[in-house]
Every structure is written in C-alpha cells, then in structure tokens.
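Beneath this line is the structure, given in structure tokens, with notes to follow.
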Amino acid sequence: MTTTLPGQADLSPARPWTDPSLPVEERVEALLALLTLEEKVAQLSSTWDDIEADGPEVAPGSNHFGRVGDLDQVARHGLGQLTRPYGTLPRPALEHARLLAERQRQIMAQSRFGIPAMAHDECLTGFTAYGATIYPTSLAMAATFDPALIRRVGAAIGIDMAAAGVHQGLAPVVDVIRDYRWGRCEETYGEDPHLVGEMGEAYVLGLQSAGVVATLKHFAGYSASMGGRNHAPAGLGRRELYDVILPPFERIVAAGVGSVMNSYAEIDGEAPAASRWLLTEVLRERWGFEGTVVSDYWSLPFLVNAHRVAADLPDAGALALTAGLDVELPDQRGFGDALVTAVREGRAAEADVDRAVRRVLRQKVALGLLDPDWAPEPPALRAGELDLDKPTNRQLAYTVAQSSVVLLQNADGLPLPSAGRIALIGPCADDVRTMFGCYSFPNHVLADRDDLGNGVEAVSLREALTAELPGVEWEFVPGCPIRDADGSGIPAAVEASHRADLTVLVVGDKAGMFGIGTSGEGCDVEDLRLPGVQEELVEAVLATGKPVVLVVNSGRPYAVGRFAADTAALVQVFLPGEEGGRAVAELLSGAANFSGRLPVQIPGSPAGQPYTYLHPPLGDRQSWLSNLDPTPAFPFGHGLSYTTFAVDGLRLDREQVPTDGEFEVSVRVRNTGAVRGAETVQLYFTDPVAQVTRPVRALLAFAKVELEPGEETVVRFGVHTDRLAFTGLEGHRIVEPGEILLYAGSSSGDTPNEAVLRLTGGQRNL
C-alpha cells in the first residue's frame, strides 16, 4: 500500500481522481463515489477565518454574523472555499500567503482525500488586498468605451491573484443601472446592456486568462431595486428583465464564465437564491451554463430573516440547493450541518447534493487542485516575493484613468493656464481616498484606520496639479466636508475664488460601505443633489463671476447640469483609482487629451426621474402631459475633447435583410481639429413600430478610434439580426419583420446620420 501526504496523491488505481491523464468526469465520479454525505456537503461550504465581528462592516451582516467557527471544526470533513484570505485584514502580502498555505495544509490534513479548498477574494477595482493596485471603478472602466483595455485590466488582476494563490474572483458586476440613486452604480459598467456586456466579457476573459475563475454578479435584478435602495425588492416585469437585465449575463455565460452569484433582491416575490426558475431553468437549461453558482454573502440566512421564504436554516439550505445554488459563501449557515440535517430529514435530496458537488469538483480539477503536483504554497510564496502594485500595473491604472475622464463641456476654461493664480477648492481636491471605489482596500477595510495609510502610493489632485503646473500660484481651500452639513468654510472658498484668476472646484463622493461613504454598497441617496452642502459651495463659488472649472468626482451621475451654463468647463470623473490624481491633472493641463464617454446620462433633475436613456416613448419629454421633464443635461455616450470630429457617411451594405440574417454598417469619422484625439463612434437603432413598446434609442455597436489632425477612417460594424430581438407579446424573444431605423454619431443625443433597414420574412423566435 502506498502512503502519501495530503496534496501529494499518487497515481495508483485507488486514487484515479489525481490522474491528469484521465477524463475530468471520470476523475470527478471516482472521488464523488467515496465521499460521505458530510464530506460532500463540506465541498459546498466555506469559511471566513479572518473576519472580525467588531471590525468594519465589510459585507452586509459581517458584524452581525461574525465567524461561524474555528477551522478545525468547520473544515473537519474538508472544505469547498476559503473566504477572502487577503481582503479582510491589513497584512503584508507574503504573510497572507503564508497563512493561506497553513490553512490549506490544515484543510487537506482534515480531508480524508486531501482535497484543497478554493480561495476567493474581491477584485472589482483590483485585487482587494492591502498594497494591491487600485484601478478605477467599473463605471470609470465603462467610460473608456475600450473593451481591449479592460481585458488587459482583468488579466493583470488575475495574474496577481493567481500568484497569491487565489482561485476565484468575485467580479465583475454586470447589473445594468436602472436608478442612479442606487449606491452600487459605481460597481457597474453603466446603463446600457450592450456596453455592460462588452466590458463585462472583456474583464472576464482577461481574468480567466490568468487561471482565475470570474464570478458574474448579481443574478439578477439587483440594480432595479425600488427607490434605488440596497436590498429592496426589484420592481421588474419579465420583459424588462429579459431585454435589459439578463442580456449581459447571457452573453458572458456564452463566453465561458466560470461562476455566477445570486442577487440579494427579489423579483416579483421570488428570492433569486431560492429561485429554480432563475438558477436552473434560465441559467442552465436555456443558456447551458456549466459552472458553479455561489451565494452572495449570507443569502441563505437571508431567506429566513429577510425574505421569509424559509422557516429555518435547514429549510433555507434545502430551498437554495434544490433551486440550483452550489456553494454557500462566506461560510456555512444554510449548508454545512444544516444541509446535512435537511437531507437526513428528507427536506433535500442527496442527488441534488451530488449534482452540486460534481460542479465543484470539476472546477477544482480544472484548476489543478487535485493534481499530484499541486502544493498549498501560493506561487509567490515559493518565489519569496509578492508585489501586488508593480510598475506595469500602475501604468495600466494610469491609462484607464486617463481614458475614462469625460469632458462634458468647455467654454475656454481648459486647458488650464501654466501661470497666474488659481484657486483649488473642494472636498475632493486633496483627499486621495475620494479617488477610490468602495471595494478598494482602503475604503473597504481601512475606513476607520487612517494610521495604516492606503497601502499604495497615490497623490491627490492637489499634489498632482502643483507638480504638473509649477508656474501657477495655487491656493487651496476645502470649502466644506464631503457629506457633513457644515458650510462654515464656504466664505473662505469664495474669498479665494475672488483672489484668483480662475478656480478649479472639485466636488463629489467618498466611497464606502453601508452608509460610511456617499457612494458604494449600502450608500444610496434620496435624490441626485451633491452630498452634504457641496451644492451650496458650487453656487457660492459660481456667484463670484470668476471662471470656474467644475470637476465632479463621483460614483454615480449627479444632477450638475444646472451649473453648466455658468462654468468655464465641466468635467466628470468616476473615481479614477490610485493614478487618478496624475491622470486628471494631465488632462486639465492639456498634456493629455480627453477621450472618456458617458456610460450613464447626467440627469437634468435631482429628483431621480426613473428613466435611463434606454426608455420607451412614454419616457420621453411630453410637456403637455406632465410638468416633469426627464431630459438629461448630458446624454449617454457624450464626451468632448481638445479636438473636434465629424461623423458622417453612414452606409448599409444592403437595404433589406431576412430576420435571420446579417448586415454591415460603415461610418466615416474625421479629426477636424488641431490635435490628436480619440472619437467613439456609436451606432444606435430604434424599432419604430413593434408589437410591444421599444426603446426610443438603443446602442447597437461602438468603436473607439484615434486619429491625427486631418486624418479620417471608415469604421465598419457587422451586425446580426439577433441584436434587434426583443421579448414579444407571447413571452418569447423574437426578431420581427419591418423597418429598423439606424443612427450613427458621437452620443445617443448626437446622431446626425440615419439609414433605414428593412427586415424581411416571417417572425423568428430565438
């Protein structure tokens, strides 16, 4: 008999699951056949070893739930996943790696078959670890309109996570924004399902290219919560769900994403964590998803105490398992002992346990965790070095930040002069953490630990502007806090503006969690006014009559359009990460050119009119029917630069196409200005007469093109008619014959080019 240590399995016939030459299914079935019920359920469970019940609230209920137990107890039959081994406490990266290796060795020693756990962590704006690169928020990434760039970001994050021994990343968020008041807008890729799908797929392909499993979240409907309130019911009809919310998920499932996470919301009274319709019928039977479904943190106990669809934890575990959920995160409340109890009592079927375990083991086989040469030490620990903020990462973060900033308007306020006196005013001008998203380690974990710094080198916009324009005499006045109702500093700001030739006024958000910040998870707002007394600050500074460059650095679009007419320039920044200070300073100085485009509208009213640009005809302005005007101040896709462009010459390769066909659209774009720049050519469509109401305009395709002065090129878009599908009266996705109007231009509100396409033949069901 051969004796092996855990993690050093031999290839004898008695241990075929360790043999990489065998088919995956054969390896999985060989191991599954030997597992007891307790050992099977252990593979569907997780534990959060680093959680501090008295620490910052880093997940909804972390202070309430705390640790489920010590590792020797919770992993006594093995373990499916280790929760956030890097993203919970501020330790040096190599120390985290050593602790992860120790925990893996313990888990393997307690497992009869030496099965390691998968380790997962957050990675929304970079690997959420102390000292790891902080990239711009997802909303900023979307503003680049550059999927290839975001694929590079995903790959860079994946490389760092893989080196650290992390197997699964809990990103991206592919929820489509439906209400700007929702705190998690900053975590998404915007309000258009095509843009969200493009960016989300790019991120997933990048992350998974490094061998790290990506996790689509939140499936589904989370972003449509009523009133924009976190954890509220989603007021969704099935048509909105099918045509707006689900398409990015379906697209990225088809691209091969490894995992999907349920939504906290409810849809028409049904909790997604317990929805067989959503997790099995839609996700697996219709779309063919073969990966794992993991629960959002504590979704199973929420079935008991929040949704009230389960009587107790065994009931919650049984409901979720039967619906199609495979792994409970971040620990084992409804699975673990509770699920064993449910199976023993006949509330859940062991066959359903087996089904979920197969999915988990397939993933572990694919990751090499059951191979004979797998070791618990992360690659970086074996190498003795784990640099999570490499120069190449920083340069990539800088490129994304610079590409994401949107110039909304410019009345000769930019570029800034290189001499003279400039007042720099505002609460976001000299606070580095205002540039980070809510899932960055400093804002996520260190909100109450200023003594630990940020873990990465970052400069504020104030520092960056001072270095960028040394010939300027700068005067800095904060003016007011970000969120407190304290206007005592406004008079000093007004005086500084009077003394200056020009003012740069920087307002917006500081992201955080569950009310600590003004943007982020659990940081929802009642309306779209700037936080605190910042609106009063803006009004007071504009009233001086001096030229003002207004910079809004925020995680959601605020209704700042009313200030536009009085500003010398208006700039939108979506929390640009650790290199944001330098990137924004170079754009304001004219050393770099703006190329960002709006992934969300800038609303015209602070009341939070519940319409994104993707609305039906009744969502348009109709002043004779209502006194409320939902017209945005700046439309979806808008963005200016230091040069100008002309988009014209829209051509179709055919005027008619069958409902199951393809066509090509070509558009000419020219740089008509004096400097090099990038234009994002956007193709939209509308279906003027359909059996159900259709959006007045929807994004069909886009391409970002860099051109020298006077240079021109032709952009070509290949389009399949599937892209024109919608959910018809019978509840099926269809392509309907008839006219389609196509528009091309620089934003959803600037499309001077039009063409008509006729779809021929009969109605086609997809």
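In what follows, residues are counted from 1 in the order of the sequence shown.
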Would you tell me whether [X] and [Y] have side-chain atoms, one donor and one acceptor, within less than 3.5 Å of each other?
{"X": "Asp175", "Y": "Ser223", "result": "no"}
{"X": "Tyr558", "Y": "Asp509", "result": "yes"}
{"X": "Ser554", "Y": "Gln572", "result": "yes"}
{"X": "Thr751", "Y": "Arg697", "result": "yes"}
{"X": "Asp326", "Y": "Thr292", "result": "no"}
{"X": "Glu679", "Y": "Ser746", "result": "yes"}
{"X": "His615", "Y": "Asp620", "result": "yes"}

Item to check | Working for side chain to side chain contact (heavy atoms under 4.5 Å, CB included), residues Thr727 and Arg238 | outcome: CA-CA 9 Å; Thr727 302; Arg238 288 289 167 98; over 6 Å; no
Validation row: [X], [Y] side chains within 4.5 angstrom (heavy atoms):
{"X": "Asn454", "Y": "Glu578", "result": "no"}
{"X": "Thr215", "Y": "His120", "result": "no"}
{"X": "Ile602", "Y": "His638", "result": "no"}
{"X": "Phe645", "Y": "Val705", "result": "no"}

Next on the checklist: Counting only heavy atoms from other residues, nucleotides and ligands, does the tally under 6.0 Å from CZ of Arg676 exceed 12?
Outcome noted: yes
Next on the checklist: Check this for me: Glu290, atom CD, are more than 12 non-hydrogen atoms of other residues, nucleotides or ligands nearer than 6.0 Å?
Outcome noted: no
Next on the checklist: I'd like to know whether Leu408 forms a side chain to side chain contact (heavy atoms under 4.5 Å, CB included) with Leu598, so could you lay out the CA-CA distance, the side-chain angles of the two residues, the decisive distance to 0.1 Å, and finally the verdict.
Outcome noted: CA-CA 9 Å; Leu408 297 177; Leu598 287 176; 3.8 Å; yes
Checklist entry - Between Tyr222 and Arg184, is there a cation-pi geometry (under 6.0 Å to ring centre, at most 45° from the normal)? => result no
Next on the checklist: Is the distance between the ring centroids of Tyr130 and Phe441 under 6.0 Å?
Outcome noted: yes
Item to check | Least distance between heavy atoms, Gly183 atom then Asp524 atom | outcome: N-OD1, 2.7 Å
Checklist entry - Could Glu198 and Arg251 be called an ion pair, given the rule that one side-chain N must be under 4.0 Å from one carboxylate O? => result yes
Item to check | Sidechain N-carboxylate O distance under 4.0 Å for Arg733, Asp243 | outcome: yes
Checklist entry - Any idea how Tyr613 and Phe636 line up, ring-wise: parallel (<30°), tilted (30 to 60°), or perpendicular (>60°)? => result parallel
Between [atom1] on residue [X] and [atom2] on residue [Y], distance to nearest 0.5 Å:
{"X": "Leu588", "Y": "Leu407", "atom1": "CG", "atom2": "CG", "value": "9.5 Å"}
{"X": "Leu283", "Y": "Phe249", "atom1": "CG", "atom2": "CZ", "value": "10.0 Å"}
{"X": "Ile177", "Y": "Thr612", "atom1": "CD1", "atom2": "OG1", "value": "9.0 Å"}

Next on the checklist: Test side chain to side chain contact (heavy atoms under 4.5 Å, CB included) on Asp389 and Phe127; report intermediate values, then the result.
Outcome noted: CA-CA 10 Å; Asp389 193 28; Phe127 185 11; over 6 Å; no
Checklist entry - Run the side chain to side chain contact (heavy atoms under 4.5 Å, CB included) check on Thr188 and Val196 step by step: do they pass? => result CA-CA 8 Å; Thr188 78; Val196 171; 5.8 Å; no
Next on the checklist: Tell me whether Thr133 contacts the main-chain N or O of Leu388 through its side chain, where contact means a donor paired with an acceptor under 3.5 Å.
Outcome noted: yes
Next on the checklist: Phe219 and side chain to side chain contact (heavy atoms under 4.5 Å, CB included): which single residue from Leu246, Ile245, Val174, Asn262 fits?
Outcome noted: Leu246
